Amino acid sequence: GAGVSQTPSNKVTEKGKYVELRCDPISGHTALYWYRQSLGQGPEFLIYFQGTGAADDSGLPNDRFFAVRPEGSVSTLKIQRTERGDSAVYLCASSLIGGKGSYNEQFFGPGTRLTVL
Amino acid sequence: SQQGEEDPQALSIQEGENATMNCSYKTSINNLQWYRQNSGRGLVHLILIRSNEREKHSGRLRVTLDTSKKSSSLLITASRAADTASYFCATDALTGGFKTIFGAGTRLFVKA
């Protein structure tokens, strides 16, 4: 595809359930980022992948959050035992090259709006 | 926690006027970027300025960077109603991880 895609666009779940959010980055982009954004706030960094490996997961709020990128392309953000406070828009972005010293812009997907009831 | 802070939080201007938004950050950076977001979804990259640059232009956009004051400004000249959006600055720290830190944003409303 031409841009970053994310599925689903909306997800409603109940407290305590498990959810998976998917991100398809732009083909050939080695760097992938996950953010979450609450209403009226800027995106909050969660995790950064360089290829298949998570180079920086310092933004994951707790061990209920986990993300994978097994083949260096598609990534899945997994949230266990969801809580109402997890409700937010989850954004994915990719860039051609990431890491220190890179000056590549990030291309963002449209986001997944997660609502935990 | 967010590193960048934008001001003002909200800005309302008439079409044709200039809009200036400011961003401050806390640590030494590799680069600073400005993004626009419409309707709370999907950020669009506007411009990137490297830490060794002081000013950059792109169309109606002008960005300045003052690393001694840890601040940046975004100027939109001759604003249009279509410029109505939220604008965020984002920084990549020079050391300590690979995270990109966004500010809380400036909400710009351009009246036709």
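Because the structure is a prediction, the values reported are computed rather than measured. Just so it is clear, the values below take in all heavy atoms, side chains as well, and ignore hydrogens, waters and symmetry mates. In the text below, chain A, chain B and the rest are named by the order of the sequence lines, each starting its count at 1.
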**OP:** Check whether any side-chain heavy atom of A:Y48 sits under 4.5 Å from a side-chain heavy atom of B:T100, and report yes or no.
**Re:** no
Subject >> Within-4.5 Å side-chain heavy-atom neighbours: A:D56 and B:K99 >> reply: yes
Does atom [atom1] of [X] have more than 12 heavy-atom neighbours, drawn from other residues, nucleotides or ligands, at distances under 6.0 Å?
{"X": "A:F65", "atom1": "CZ", "result": "yes"}
{"X": "A:E71", "atom1": "CD", "result": "no"}
{"X": "A:L39", "atom1": "CG", "result": "no"}
{"X": "B:R80", "atom1": "CZ", "result": "no"}
{"X": "B:K111", "atom1": "NZ", "result": "yes"}

Original post:
Can you tell me how far OH of B:Y35 sits from CZ of A:F108, rounded to the nearest 0.5 angstrom?
Top reply: 5.0 Å
**OP:** Could you grab the distance from atom CG of B:N31 to atom CD of A:E105, nearest 0.5 Å is fine?
**Re:** 11.5 Å
Subject >> Listed partners of A:E14 passing side chain to side chain contact (heavy atoms under 4.5 Å, CB included), at least two apart >> reply: A:K17
Below 3.5 Å, can you tabulate the donor-acceptor pairs from side chains in residues 18-26 of chain A to any protein atom, sequence neighbours excluded?
| from | atom 1 | to | atom 2 | distance (Å) |
| --- | --- | --- | --- | --- |
| A:Y18 | OH | A:E20 | OE2 | 2.6 |
| A:R22 | NE | A:D24 | OD1 | 2.7 |
| A:R22 | NH2 | A:D24 | OD1 | 3.4 |
| A:R22 | NH2 | A:D24 | OD2 | 3.2 |

Subject >> Under 4.5 Å from any heavy atom of chain B - which part of A:F107 >> reply: neither
Original post:
Does any heavy atom of chain B fall under 4.5 Å from the side chain of A:S9, the backbone, both, or neither of them?
Top reply: both
Subject >> Residue pair B:Q37, A:Q37: steps toward the side chain to side chain donor-acceptor pair (under 3.5 Å) verdict >> reply: CA-CA 12 Å; B:Q37 186 178 41; A:Q37 186 177 26; 2.8 Å; yes
**OP:** Of all the heavy-atom pairs spanning B:G42 and A:L91, show the shortest one and how long it is.
**Re:** N-CD2, 4.1 Å
Original post:
Which atom pair, heavy atoms only, marks the closest approach of B:F88 to A:G42?
Top reply: CE2-CA, 3.3 Å
